Amino acid sequence: MTPSMQNAKKQSSPQKPAGKPRLLTGDRTTGRLHLGHYVGSLQARVQLQNDYSEIILLADVQALTTHFQQPELIRQSIYDVALDNLAAGLDPQRVLFAQQSRIGPIAELTVFYSMLVTVNTLRHNPTIKTEAAQYGYQDMTYGFLGYPVSQAADITFCSAQAVPVGEDQLPHLELCRKLVRRFADLYGPVLTEPQPLLSACPRLKGLDGGGKMGKSLGNAVYLSDPPTLVEEKIRRAVTDPHRITAREPGDPAVCVVSQYHQIFNAEEYEEICSACRNGCIGCVACKNRLTRRINALLEPMRERRAYYEAHLDVVRELIDLGSRQACHMGEETVRRVRDAMQVAL
Ligand code: TRP
């Protein structure tokens with residue numbers, strides 16, 4: 001029997017939470033969340049809360065990897081992001097909110113896991129490459145390069161079985177899955193290998209029609225925007241640049257407003273596109289219809305947000321309690337990891 005087989009025998013099977021399968025997801029706390037987050041992730045979280053025991057990680061340590069010069073922003077965003085999730089319809093009775101920096105076991109697991117991931121693996125991670133280019137990093141910090149390792153600790157500390165991901169997070173999940181298997185080969189089956197739940201929705205474009213909707217790009221409709229601001233932003237959204245007057249035919253394929261109709265106003269999408277192509281609807285009228293739909297979607301979120309804004313102490317307690325519970329889960333995982341790696345206990 002090889003040493004790793006002996007270890008495998010010695011270890012019991014990975015922790016399996018009782019009841020519903022566990023799902024973990026997270027948001028960097030670098031600002032409020034927008035419609036792109038909603039269609040790409042929040043909407044699915046709300047639906048999945050019936051079938052999974054969900055943990056939402058307020059990723060304030062990961063936020064430092066890019067925003068270490070803005071600690072106040074990160075601090076404020078912990079509440080903003082929690083409020084956005086609650087406003088979107090996550091039920092605090094069922095979902096656990098945990099603040100990453102308060103979960104010591106995540107930091108500890110990150111150190112142990114960092115022995116099992118090579119620098120080249122991280123340097124070739126497509127999401128790291130894209131983000132490094134986006135932030136203009138010629139060189140990058142050790143923390144930024146290594147955040148996928150820390151994200152693997154986010155996912156495994158609580159033995160998450162499922163992680164909802166958009167396309168961009170898939171490489172990180174793959175790294176986590178490989179790491180779990182490598183750990184099992186070396187030390188025994190301690191960790192749980194998570195499965196991706198891939199988002200069905202395509203990435204939402206920004207109001208400028210250029211790239212994706214992004215917090216740092218100034219092209220987003222935020223879930224917390226008041227109705228008049230939504231109206232103003234949609235009014236300025238970029239449409240078909242070749243269309244000058246309302247009676248000319250337009251091309252929905254090059255218009256970001258049509259993508260929004262497809263997602264937020266699916267019933268009227270076909271009708272609006274053909275009216276546009278025939279020059280029967282102008283951009284102003286088309287945008288007004290979209291604005292009404294988006295404001296109707298956001299209205300219940302505004303109500304829930306107003307409630308929690310008036311009860312910030314409740315939100316604070318949720319995060320306190322959730323973080324403490326998360327710590328307990330993580331401590332158990334660290335104990336097993338230390339045992340398997342024969343690190344002093
Ligand atoms: N990297 C994710 C993002 O940028 C946030 C995140 C942190 C996360 N920890 C996670 C996502 C764990 C899924 C699982 O959106």
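Just so we're clear, the structure is a prediction, and the values are computed from it rather than from any experiment. Every number for a ligand or one of its atoms is a count from 1 in the order of the listing.
- Between Tyr147 and ligand 1, not a single N/O pair is under 3.5 Å apart.
- Polar contact check, Gln62 against ligand 1: a nitrogen or oxygen pair lies under 3.5 Å apart.
- Between the side chains of Tyr113 and Thr156, at least one donor N or O sits under 3.5 Å from an acceptor N or O.
- Atom 5 (C) of ligand 1 has as its closest protein heavy atom Gly26 O, 3.5 Å.
- Met301 places a side-chain heavy atom less than 4.5 Å from the side chain of Leu297.
- Checking only distances, His172 never comes within under 3.5 Å of ligand 1, N or O to N or O.
- Within ligand 1, the atoms closer than 4.0 Å to a non-hydrogen atom of Ala59 are 7 (C), numbered from 1 in the order shown.
- In summary, Arg335 and Glu331 do not engage in a salt bridge, as defined by a charged side-chain N under 4.0 Å from a carboxylate O.
- Closest to atom 3 (C) of ligand 1, if we only count protein heavy atoms, is Gln169 NE2, 3.6 Å.
- In terms of protein heavy-atom proximity, atom 9 (N) of ligand 1 is nearest to Asp154 OD2, 2.8 Å.
- In this model, a donor atom of one side chain and an acceptor atom of the other lie less than 3.5 Å apart for Ser41 and Arg45.
- Listed by number with element, the atoms of ligand 1 under 4.0 Å from a non-hydrogen atom of Leu24 are 12 (C), 14 (C).
- A salt bridge links Lys233 to Asp225: at least one charged side-chain nitrogen sits closer than 4.0 Å to a carboxylate oxygen.
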- Task: Dump the intermediate steps for ring pair (Phe, Tyr, Trp, His ring centres under 6.0 Å) on Tyr307 and His311, then the final yes or no.
- Result: CA-CA 6 Å; Tyr307 171 81; His311 297 85; 4.2 Å; yes
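- Defined by atom type and a distance below 3.5 Å, a donor-acceptor pair is missing between the side-chain atoms of Gln49 and Asp91.
- Among all non-hydrogen protein atoms, the one lying nearest atom 4 (O) of ligand 1 is Arg28 NE, 3.3 Å.
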